[in-house]
Amino acid sequence: MQKILVVDDVEINREILRDMLGGSYIVEAAGDGEQAVRKLLECEGKLAALLLDLQMPNMDGYAVLEWMKKNQWMEKIPVLIISAEDSAEIESACLGMGVLDFIHKPFESSIVKNRVQNIVELFSCKNILEQKVESQTKVLAEQGRIIQIQAEKLRDTELFNHLMMQYSSAIMVVEAKLKVLYAEFSQEYNRNPFESIKSRLKSAESIYEKLERKGFPITVESIEENLTDVAGVRVICSFPDDIYRLADLVVRPDDIILLKKKDYIKNPKANGYRSLHLILDVPIFLSREKKYVKVEMQFRTIAMDFWASLEHKLRYKKDLENTEEIERQLKVCADAIDVLDYQMMQIRNKIDKSHTALLKPKSPPQAEEQI
């Protein structure tokens with residue numbers, strides 16, 4: 001049976017509460033704040049709740065609350081105030097100190113029992129949840145430590161570093177090809193096929209974590225065989241049709257091979273994300289061999305890249321409320337961006353058409369007929 005502590009300077013009040021709660025709890029009693037503090041220390045870790053009067057001699061209930069708050073006892077035991085006063089100001093002050101509920105005098109048996117039971121159960125659930133969170137935090141920290149150790153082992157191997165050099169070289173091949181196309185378009189068409197290029201190599205920690213999560217062996221051979229996103233290149237374009245034109249030019253020659261294509265522009269994700277993803281086999285020329293290395297390419301418009309960047313930051317925020325409403329609003333924004341992309345593309349087409357018409361040579365005037 002759980003134990004509670006009743007603190008009140010009036011003996012009859014202590015006896016009434018003992019009679020009301022004695023069938024469900026072992027009831028300890030104290031007549032003032034000093035006795036209450038001694039009882040708290042004696043019963044540390046054994047009390048399910050504290051019922052505390054505010055007006056008492058020697059050390060009143062406010063002083064007990066201050067002592068508990070200073071010594072972090074408010075996190076150890078739930079406190080219910082027993083008081084004859086019904087003042088919003090007093091209740092607000094006590095709640096601000098960590099008090100969970102109030103029991104007003106004169107006592108009503110059913111109200112006292114229910115309030116004490118509810119607070120005890122609520123506090124118990126809170127402690128269980130906190131213990132689970134603490135346990136999970138320790139597990140995640142241990143997993144992170146293991147990942148860090150294994151990643152260091154990977155980084156220390158010559159084979160891993162040689163493989164990462166190959167992925168880095170494949171990125172350079174893709175970037176070089178894109179830069180050539182940029183120069184050609186600027187020269188011949190007076191326009192840019194893309195706005196910017198972003199590239200990245202997956203870290204050793206991320207590589208280990210993904211192999212572990214998917215149940216693949218932690219070896220260099222496994223990285224090459226099972227992961228397609230170690231090397232990544234993101235291309236930011238102005239308009240949707242530039243994406244398809246540029247993607248086609250990247251894979252059209254015989255050197256770069258298209259392995260897989262995911263079109264999230266024509267088939268957006270549920271959250272509204274739109275992008276074109278390609279998995280490529282890119283040739284690199286080493287001193288002893290020609291070798292194909294996998295590279296993941298992503299093509300986005302400027303507006304969608306802005307949306308994706310913000311969505312990524314928001315998605316990793318902790319303790320989000322109204323998640324469904326936030327996801328709905330993000331979807332609305334993504335759809336609006338898609339409409340904007342195509343409207344801007346139509347404006348560009350009109351400008352290009354007008355510019356082309358202006359450049360056409362005018363027909364020479366016909367000679368007047370002589371009479």
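What's counted below: heavy atoms across the whole structure, side chains too, no hydrogens, waters or symmetry copies.
Inter-residue side-chain proximity for Q117 and K113 is flagged as unmet; no heavy-atom pair is nearer than 4.5 Å. Taking the side chain as every heavy atom from C-beta outward, V64 and L52 approach each other to under 4.5 Å. You'll find the side chain of V79 reaches within 4.5 Å of the side chain of M74, heavy atoms only. Contact annotation: the side chain of D305 approaches that of R234 to within less than 4.5 Å [non-hydrogen atoms, C-beta and beyond]. Here the side chains of L280 and V250 are in contact, with some heavy-atom distance below 4.5 Å. At least one side-chain heavy atom of M68 sits less than 4.5 Å from a side-chain heavy atom of L50.
N192 contributes no side-chain N or O that, together with a main-chain N or O of F194, makes up a donor-acceptor pair within less than 3.5 Å. In terms of modelled atom types and a separation under 3.5 Å, the side chain of D60 and the main chain of M56 share no donor-acceptor contact. N13 places no side-chain N or O within 3.5 Å of a backbone atom of D9 that could act as its donor or acceptor partner. Judged by distance alone, the side chain of W307 and the main-chain N or O of L330 form a donor-acceptor pair under 3.5 Å. A donor-acceptor pair under 3.5 Å is formed between the side chain of N118 and the backbone N or O of N114. The main-chain N or O of Y208 is never found under 3.5 Å from a side-chain atom of E212 such that the two would form a donor-acceptor pair. Remark: the backbone N or O of V230 is paired with a side-chain donor or acceptor of R200 at under 3.5 angstrom. At least one donor-acceptor pair under 3.5 Å links the side chain of S275 to the backbone N or O of F299. A distance-only check finds a donor-acceptor pair linking the side chain of S169 to the backbone of M165 [under 3.5 Å]. Between the side chain of R300 and the main chain of R274, no donor-acceptor pair closer than 3.5 Å is present.
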| Verdict with supporting geometry, V282 and Y292, side chain to side chain contact (heavy atoms under 4.5 Å, CB included) | CA-CA 5 Å; V282 177; Y292 280 88; 5.9 Å; no
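Using a 4.0 Å cut-off between charged side-chain N and carboxylate O, D242 and R245 make a salt bridge. Salt bridge annotation for E66-K69: absent, with no cationic side-chain nitrogen under 4.0 angstrom from a carboxylate oxygen. Ion pair E42/R38 not flagged as a salt bridge, since none of the NZ, NE, NH1 or NH2 atoms sits closer than 4.0 Å to an Asp/Glu carboxylate oxygen. A salt bridge links D255 and K177; the closest N-O separation between the charged side-chain nitrogens and carboxylate oxygens is under 4.0 Å. Under a 4.0 Å N-O distance rule, the pair K210/D229 qualifies as a salt bridge. The pair E224-K291 meets the salt-bridge criterion, with a side-chain N (NZ, NE, NH1 or NH2) lying under 4.0 Å from an Asp/Glu carboxylate O. Between R348 and D241 there is a salt bridge, with a side-chain nitrogen of the basic residue lying less than 4.0 Å from a carboxylate oxygen of the acidic one.
To the nearest 0.5 angstrom, T301 atom OG1 is 7.5 Å from I265 atom CD1. Rounded to the nearest 0.5 Å, atoms CD1 (I207) and CG (L227) are 7.0 Å apart. In this structure, L181 CG and S186 OG are separated by 10.5 Å, a value rounded to the nearest 0.5 Å. Atoms CD and OG, from E296 and S199 in turn, are 13.0 Å apart once rounded to the nearest 0.5 Å. A distance of 5.5 Å separates CD1 of I82 from CG of L17, quoted to the nearest 0.5 Å.
Following chains of ILVMFWY side-chain contacts shorter than 4.5 Å, one cannot reach L276 starting from I302, and the two form parts of different hydrophobic clusters. A continuous path of ILVMFWY side-chain contacts below 4.5 Å connects L258 to I256, so both sit in one hydrophobic cluster. Clustering ILVMFWY residues whenever any of their side-chain heavy atoms sit less than 4.5 angstrom apart, transitively, puts L47 in the very cluster that holds I81. Under the 4.5 Å side-chain heavy-atom criterion for grouping Ile, Leu, Val, Met, Phe, Trp and Tyr, M20 is connected to L80 within one hydrophobic cluster. With hydrophobic clusters built from ILVMFWY side chains whose heavy atoms lie under 4.5 angstrom apart, F102 does not share a cluster with V6.
With a 6.0 Å cutoff to the six-membered ring centre and a 45° limit on the axis angle, K214 does not count as a cation-pi contact of F216. A cation-pi arrangement is present between K76 and W73 under the rule of less than 6.0 angstrom and at most 45 degrees off the ring axis. In this structure, K290 is not positioned above the aromatic face of F285 in the sense of NZ or CZ being under 6.0 Å from the six-membered ring centre and within 45° of the axis.
Between H277 and Y273, the angle of the ring planes goes over 60°, which puts this pair in the perpendicular group of the 30/60° scheme.
Within 6.0 Å of atom CD in E289, more than 12 heavy atoms from other residues, nucleotides or ligands are found, so the atom counts as buried in its surroundings. Other residues, nucleotides and ligands contribute over 12 non-hydrogen atoms within 6.0 Å of the NZ atom of K126. Taking a 6.0 Å sphere around OH of Y182, one finds it holds 12 or fewer heavy atoms contributed by other residues, nucleotides or ligands. For CZ of F107, the number of neighbouring non-hydrogen atoms (other residues, nucleotides, ligands) closer than 6.0 Å is greater than 12. With a 6.0 Å radius and a threshold of 12 heavy atoms from other residues, nucleotides or ligands, Q72 has its CD atom at or below the threshold. Taking a 6.0 Å sphere around CE of M344, one finds it holds 12 or fewer heavy atoms contributed by other residues, nucleotides or ligands. Heavy-atom contacts from other residues, nucleotides or ligands closer than 6.0 Å to CD of E158 number 12 or fewer.
Y62 and L54 get closest at one heavy-atom pair: OH-CD1, 3.6 Å. Minimum heavy-atom separation, E75 to N127: O-OD1, 4.4 Å.
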